[in-house]
Amino acid sequence: MMQVADSFETLPFLDVADPNFSIRSQAVLNARDESWCAKTPYGLAVLRYDDVLKLLRHPTLRQGSYRWPTHVGVTGLFARWWENMLLSQEGENHARLRRMANPAFSPKLIKDLRPKFEILANRLIDGFAAKGECDFIAEFTEPYATGVICDLLGLPFEKWRELADIAGDMGLALGVTYKQDLATVDAATQKIFDYAEELVALRRAEPSDDFIGTLVKANEDKSKLNDQELLDMIVLAIFGGIDTTRNQLGLAMDMFIRHPDQWALLAEKPELARAAVEEVMRVRPTITWVTREATETFTYNDLEIPKGTTLHLFSQAACSDPTVFPNPEFDITAERNPHFGFGGGAHHCLGHFIARGDMTEALKLLAQRLKNPRFNGDVSWLPDSGNTGAIKMPIAFDPA
Amino acid sequence: MKIDVDLTICLLHGQCVIAAPEVFSFADDGSLVWVTDPDEGLRADAEAAADACPEQAIIIS
Ligand code: HEM
Ligand code: HEM
Ligand code: SF4
């Protein structure tokens, strides 16, 4: 990585390792004006729309976080899963796993879940609407995101707390304290695998055409999806679907509280909910960057990028790039170029039909039932980089 | 069976290439190419590709 820094003296520098670094800071905008890319303590940051679009699909790049457990010097249950699951795989192995998983994530299967999303959202809103206030994360986005996964897996909603806690403990693996938290992380990983095994046993005994049933069907030919890969995929759906959705919906509320006219418009025109999801993910994506790693030395925009270099593709900065978004203000009625909130290319989010479906339902109902939402105390935030979002968001509103 | 791709919304993710490699592929210049009237035997693959396409750009008729 020093090599990159040395050979590219002229590139701007962004200290993404600084705990106070913000992906939305003026420093990032200045760097984007100056160059298509910046140096960081961990490699390069790609800042402009066209370059993020191209590099997400670049054949010389592989997904970049597969090495995380090795990087922190950890082995164990979580590490084994992380290194073997879909997101960490490339080429033919990735393609095979993705082909096997696709039917379980298909838009047809998801359509059947839409009415359940509506019931879930209304049930949660019923729980706090009369008070005129709530912690939007604890009382809505977290139980909603987890409840959606319960619906997907065919688990009763009552399981949500347990599932959220397990996923939270597992999530410690992605923080800098992974090594210290290893016992907690691996205990949670064991629990989630026990869950997955139980669900699989149920579907083997009683075949079905729901999410797990569809994966179990793919597992009939073990050479295409073996037993371990089946469980790894179910665990990825649980782990990858909860915090992402929780965070993204919290960020949506943050945007709308700052743009009350847009919230009123959404309440009036619920058919805008789908576009609202896209516009929120453009200006305020929870996954603010995705990482890629160069598998070979290659040249891009006249820059020689050495093998092993990590590239952070800044979805957040790219989607306010003035050359593509001349009027970048938050506007749910605007026609826009596509955002990168679900990544792109071979690793494009497999759960996006689910996430788009559940967030559309949620925003539609929230806008109708919570009028004039406003902050009602201090909001606690994750760092404004990497995977971001609110962990506590007290709000007040006028019940409709 | 006839296959069409709405190239105005296709974003070249290549999910169709993963789902149905005998129908879809990338040309050397990076553009998407596909068999416009594949064998009926490839229908299941083609439908899997149409389902998997994140932009829902594939039309089978
Ligand atoms: C708002 C919610 C969500 C967001 C913002 C999101 C975002 C993303 C992003 C950015 C990636 C690509 C990462 C990369 O290229 O490095 C991804 C991949 C993935 N997501 Fe999501 N996701 C969400 C919800 C879900 C849900 C609900 C599920 C499952 C039920 C899911 C399952 C997956 C899987 C399996 C992958 C890996 C795909 C592959 O490697 O081929 N996601 N997601
Ligand atoms: C399918 C689901 C997921 C996808 C596609 C995904 C994507 C990614 C990617 C691309 C990175 C690399 C970023 C980097 O190296 O800085 C990463 C690392 C990270 N992810 Fe996720 N992630 C998923 C699930 C989660 C969940 C559920 C959490 C939160 C509990 C999380 C939190 C983190 C954190 C904190 C890092 C930083 C680790 C590092 O510095 O390398 N991710 N993830
Ligand atoms: S999956 Fe869809 S968007 Fe991607 S290349 Fe194929 S047709 Fe285009």
Side-chain angles (χ1 to χ4, degrees), chain A residues 49-50 52-61 86 89-111 214 217-218 224 274 278 281 290 300 318 324 335-357, chain B:
Chain A
Y49 189 88
D50 284 343
V52 170
L53 184 74
K54 283 189 200 128
L55 289 170
L56 271 170
R57 291 149 182 76
H58 202 288
T60 310
L61 298 177
L86 182 69
Q89 297 301 309
E90 294 294 330
E92 199 33 59
N93 213 30
H94 172 265
R96 175 179 59 86
L97 292 173
R98 182 107 190 183
R99 273 196 294 274
M100 292 301 108
N102 273 339
F105 290 89
S106 87
K108 288 172 191 141
L109 215 115
I110 304 318
K111 225 172 58 215
T214 306
K217 219 168 285 163
K224 293 201 170 135
R274 177 61 207 278
E278 302 306 309
M281 291 188 73
V290 297
Y300 181 84
V324 178
E335 289 267 335
R336 303 287 196 193
N337 278 42
H339 62 76
F340 306 122
F342 289 115
H347 292 285
H348 183 281
C349 179
L350 186 50
H352 76 106
F353 290 122
I354 302 170
R356 285 179 154 129
Chain B
M1 173 176 44
K2 233 186 109 14
I3 296 189
D4 234 331
V5 177
D6 182 347
L7 290 175
T8 62
I9 56 172
C10 166
L11 290 177
L12 302 175
H13 295 295
Q15 290 300 335
C16 53
V17 180
I18 291 175
E22 290 170 62
V23 181
F24 299 91
S25 53
F26 284 121
D28 287 342
D29 67 355
S31 62
L32 184 71
V33 289
W34 66 95
V35 186
T36 50
D37 49 354
D39 212 73
E40 206 46 40
L42 288 170
R43 182 175 283 275
D45 277 12
E47 283 178 356
D51 256 7
C53 171
E55 312 307 325
Q56 296 289 284
I58 299 169
I59 307 131
I60 302 177
S61 53

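First the proteins, then the strands, lettered A, B, ... as listed; each starts at 1. Quick caveat: nothing in here was measured; it's all calculated off a predicted structure.
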Might you point out which heavy atoms bring [X] and [Y] nearest each other, and give the distance in Å?
{"X": "B:Leu11", "Y": "A:Arg57", "value": "O-NE, 2.7 Å"}
{"X": "A:Lys108", "Y": "B:Asp51", "value": "NZ-OD1, 3.2 Å"}
{"X": "A:Pro107", "Y": "B:Gln56", "value": "CG-OE1, 4.0 Å"}

Contact part of [X] toward chain B, heavy-atom cut-off under 4.5 Å: side chain, backbone, both or neither?
{"X": "A:Phe353", "result": "side chain"}
{"X": "A:His352", "result": "side chain"}
{"X": "A:Pro338", "result": "side chain"}

Give a yes or no on this: more than 12 heavy atoms of other residues, nucleotides or ligands lie within 6.0 Å of atom CG of B:Asp29.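 Enclosed.
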Heavy-atom contact with chain A under 4.5 Å, split by part of B:Cys53: backbone
Between chain B and each of A:Ala95, A:Cys349, A:Ala346, count heavy-atom pairs under 4.5 Å; write down the option with the most. A:Ala346
Is there a donor-acceptor pair closer than 3.5 Å between any side-chain N or O of A:Arg99 and the backbone N or O of B:Ala48?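 No; zero donor-acceptor contacts below 3.5 Å.
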Taken to the nearest 0.5 Å, the spacing of A:His347 NE2 from B:His13 NE2 works out to 13.5 Å
